[in-house]
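Everything on this sheet refers to the single structure shown next.
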Amino acid sequence: MPLRIYNTLTSAKEEFVPLQPGKVSMYVCGVTVYDNCHIGHARANVAFDVVYRYLCHSGYAVTYVRNYTDIDDKIINRAKQEGVEFNVISERYIQAFDDDMARLNLAMPTHQPKATEYVDEIIALVGKLVAQGTAYPIDGDVYFSVGKFPSYLKLSGRNLEEMQAGARVDVDERKRHPMDFALWKGAKPGEPYWPSPWGNGRPGWHIECSAMSMKLLGETFDIHGGGKDLVFPHHENEIAQSEAASGKQFVRYWMHNGFVNINAEKMSKSLGNFFTIRDILERYDSEVLRFFLLSAHYRSPIDFSDQNLADADAGLSRIYSALAAMDDALADSAASREASPALLSEAALELQEKLATLHDRFCEAMDDDFNTALAIANIFDLVRVLNRVLADKAALNAAVLSLFSQAKTGIARIAGVLGVMDSVPSDYQARLKSRKSSDLNIDVAEIERIVAERTAARKVKDFRRSDELRDQLLAKGVELLDGPSGTAWKIK
RNA sequence: GGCGACGUCGCCAAGUGGUAAGGCAAAGCUCUGCAAAAGCUUUAUUCGGCGGUUCAAAUCCGCCCGUCGCCUCCA
């Protein structure tokens with residue numbers, strides 16, 4: 001079954017046919033590095049990380065480019081505030097971005113270019129547009145002339161007249177058309193600059209992506225991604241600059257991810273209602289955050305709340321519990337099972353059937369515009385059957401254990417694409433426990449002492465004292481779990 | 001004002017013509033001294049409302065209501 005991708009350019013799902021068979025060229029707008037990243041950045045980057053991984057999984061040789069925009073007005077402003085050079089700011093937040101993405105288990109792109117390393121290419125591109133007459137210099141700035149590019153706004157499906165009617169911006173009177181945008185900005189005193197034919201200055205906002213993507217991927221490439229909010233003006237302007245310069249189609253498939261909302265409203269810097277990735281990782285495991293982000297389709301809005309994160313946490317734990325239980329069964333098995341008949345129970349037969357189609361169903365979901373929500377639902381479906389088999393301890397024979405091995409392999413294959421469920425189950429569980437115990441207001445030795453006292457009380461059937469001690473611990477957030485081999489405890 | 005998206009069980013969320021996936025929560029059961037935890041089972045004749053097309057619609061069309069986004073920096 002062919003992969004189908006929703007293309008913003010045509011507003012439809014289209015069969016994906018790469019420019020060159022077996023190869024995919026893909027560019028995703030990274031970040032402007034002037035501050036820490038928020039959950040919205042996490043979503044976009046996780047979404048395209050999965051796109052990248054799935055394309056690789058499908059057998060394509062993928063060249064994945066994700067840029068850093070490391071020169072921009074916001075960076076300059078921030079540098080001014082702090083009284084440092086602009087590159088102190090950009091380098092700091094590049095490092096922060098890299099750290100955040102590593103924690104979110106992102107695969108490394110093939111190239112991670114920085115705008116400042118491509119100034120020559122940018123100047124050449126602007127120069128070409130000026131020479132052509134599609135761009136014009138004024139007082140050290142250079143503007144793109146939207147009137148010279150007839151298909152301007154084809155991506156966002158608007159027209160120039162409407163845009164002007166709704167314009168809320170003060171128009172620079174020097175521009176030929178109110179919608180003309182800057183390719184190059186002349187430097188004011190004290191600002192960073194590069195020499196250019198139009199004087200000292202720096203790149204405008206959109207031009208760096210055109211220059212870097214065309215340099216690394218060619219004038220026409222397969223996939224260009226980013227958040228929905230980049231459709232206009234950023235991607236629209238990229239198309240204008242690039243296609244005007246090359247005379248060729250710039251990008252074949254435009255992909256845009258939906259927003260992260262807070263109380264059904266867009267999370268954004270300007271609204272001030274954002275959470276940084278760092279903030280959230282203080283409180284939730286990074287794998288939980290990633291799992292949460294993949295639990296909705298990448299184009300849908302997703303509402304960020306404690307409740308929803310807690311739900312994701314519970315769901316992911318359910319999967320790991322089943323994986324851990326399989327590990328246990330496999331570990332304490334072997335010899336004693338060998339003699340047992342290899343008959344499969346009804347549940348085991350169902351498991352066998354689910355395993356046979358597991359990978360196909362995964363691909364079917366992902367081929368439909370990267371439907372990770374459906375892919376995850378399939379995993380839960382498998383987990384339910386798995387638990388049913390696990391529950392029947394007497395039926396754990398060699399044949400069933402072999403199914404468990406298959407299940408582990410099958411899930412690992414999927415986990416490798418989604419970038420979740422790829423921890424060692426017992427490690428994951430230990431990670432959660434230690435995270436929770438860090439905000440505990442009682443020390444472990446004290447817990448152990450009370451547990452021991454209660455065990456003694458239970459031994460002599462003093463259940464009143466036993467329950468008293470249990471309540472005492474519960475009040476401090478410690479939950480007791482009595483089992484055949486003694487009493488374990490966990491943080492509530 | 002222009003353009004666009006969305007509205008599916010208490011909550012989250014798949015499903016774009018063939019008769020409602022999955023998760024969380026809840027209830028029942030198993031287990032337990034009792035619990036907790038865990039597991040199993042159950043839980044929408046119905047998809048914002050009203051019309052229409054069709055043998056058949058959550059899915060297509062029209063209108064209405066509601067929410068949100070873009071049009072300014074934004075993933």
Side-chain angles (χ1 to χ4, degrees), chain A residues 8 11 13 28-32 34 37-48 72-74 153 156-159 161-170 179 205 225-234 236 256-261 263-271 274 291-292 295-297 299-303 305 307-319 321-322 325 347 361 365 368 371-384 386-388 390-392 458 461-464 466-467 470-471 474 479-484 487-490 492:
Chain A
T8 307
S11 307
K13 277 184 203 170
V28 172
C29 287
V31 282
T32 300
Y34 73 101
C37 291
H38 58 65
I39 313 295
H41 299 106
R43 183 181 199 190
N45 284 288
V46 167
F48 289 106
D72 167 89
D73 291 3
K74 287 184 177 170
L153 302 181
S156 52
R158 308 159 199 268
N159 65 60
E161 292 69 40
E162 285 161 4
M163 297 288 290
Q164 286 172 78
R168 287 183 270 161
V169 213
D170 291 335
M179 297 299 293
W205 174 32
K228 266 194 165 73
D229 47 359
L230 295 182
V231 173
F232 182 89
H234 186 55
E236 202 71 74
H256 294 96
N257 65 276
F259 296 131
V260 175
N261 291 159
N263 296 322
E265 279 197 323
K266 178 186 173 182
M267 173 190 297
S268 75
K269 286 278 170 71
S270 43
L271 291 174
F274 64 92
F291 186 76
F292 165 71
S295 68
H297 185 92
R299 280 189 287 119
S300 308
I302 191 168
D303 219 69
S305 67
Q307 178 64 52
N308 291 164
L309 263 282
D311 284 358
D313 192 347
L316 186 57
S317 285
R318 177 181 162 81
I319 293 171
S321 296
R361 283 182 298 137
D368 186 11
N371 194 337
T372 55
L374 185 56
I376 288 172
N378 287 340
I379 296 290
F380 279 116
D381 198 45
L382 179 70
V383 164
R384 201 182 59 251
L386 214 44
N387 279 330
R388 222 157 47 204
L390 245 5
D392 190 359
R458 290 180 73 213
K461 302 219 188 291
D462 181 358
F463 295 122
R464 224 180 63 169
S466 157
D467 291 352
R470 182 169 65 199
D471 291 345
L474 192 60
E479 222 165 42
L480 296 185
L481 298 83
D482 293 333
T487 298
W489 56 271
K490 64 180 259 187
K492 201 174 175 185

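Quick note on labels: first sequence line is chain A, next is B, and so on, each numbered from 1.
Note on Asn387(A): a side-chain N or O is less than 4.0 Å away from OP1 or OP2 of C40(B). Residue Arg388(A) has a polar side-chain atom (N or O) positioned under 4.0 Å from OP1 or OP2 of U41(B). In this model, the phosphate group of A75(B) is not approached by any side-chain N or O of Lys266(A) to a distance below 4.0 Å at OP1 or OP2. Taking 4.0 angstrom as the limit, Ser317(A) places none of its side-chain polar atoms (N or O) nearer than this to OP1 or OP2 of A38(B). Here Arg318(A) reaches the OP1 or OP2 of G23(B): one of its side-chain N or O atoms lies under 4.0 Å away.
Nucleic acid contact class of Ser466(A) (heavy atoms, under 4.0 Å, all strands): base. Among the heavy atoms of the strands, none lies under 4.0 Å from Arg299(A). Residue-level contact check: His38(A) touches the bases, meaning some heavy atom is under 4.0 Å from a base atom. Heavy atoms of Phe232(A) sit under 4.0 angstrom from primed sugar atoms or phosphate atoms, though from no base atom. Residue Lys461(A) is classed as having no contact, given no heavy-atom separation below 4.0 Å to the nucleic acid. Looking at heavy-atom distances under 4.0 Å, Asp482(A) makes contact with a base. Across all strands, Lys269(A) comes closer than 4.0 Å to no nucleic acid atom at all (heavy-atom distances).
Looking at the side chain of Asp311(A), the nearest of the listed nucleotides C11(B), A14(B), C70(B) is C11(B). Listed nucleotides: G15(B), G22(B), G39(B). Nearest to the side chain of Asn371(A): G15(B). The side chain of Arg458(A) lies closest to G33(B), out of A37(B), G33(B), C12(B). Nearest nucleotide to the Leu481(A) side chain, out of C40(B), A75(B), A37(B): A37(B). Taking every side-chain heavy atom of Leu230(A) into account, A75(B) is the closest of A75(B), G23(B), A36(B). The listed nucleotides are C40(B), C73(B), G69(B); the one nearest the side chain of Lys74(A) is C73(B). Side-chain proximity of Ala314(A) to the nucleotides G22(B), A35(B), C24(B) is greatest for C24(B).
In this structure a side-chain-to-backbone donor-acceptor pair under 3.5 Å is missing from Ser317(A) to Ala314(A).
Relative ring orientation between His38(A) and Phe274(A) is described as tilted, the plane-to-plane angle lying within the 30° to 60° band.
Remark: the Asp482(A) side chain and the Thr487(A) side chain contain an N/O donor-acceptor pair separated by less than 3.5 Å.
Counting only heavy atoms from C-beta outward, the side chains of Ile319(A) and Phe291(A) approach each other to under 4.5 Å.
Environment of CG in Asn263(A): sparse, with no more than 12 heavy atoms of neighbouring residues, nucleotides or ligands closer than 6.0 Å.
Taking atom P in both A58(B) and U41(B), the straight-line distance is 28 Å, to the nearest Å.
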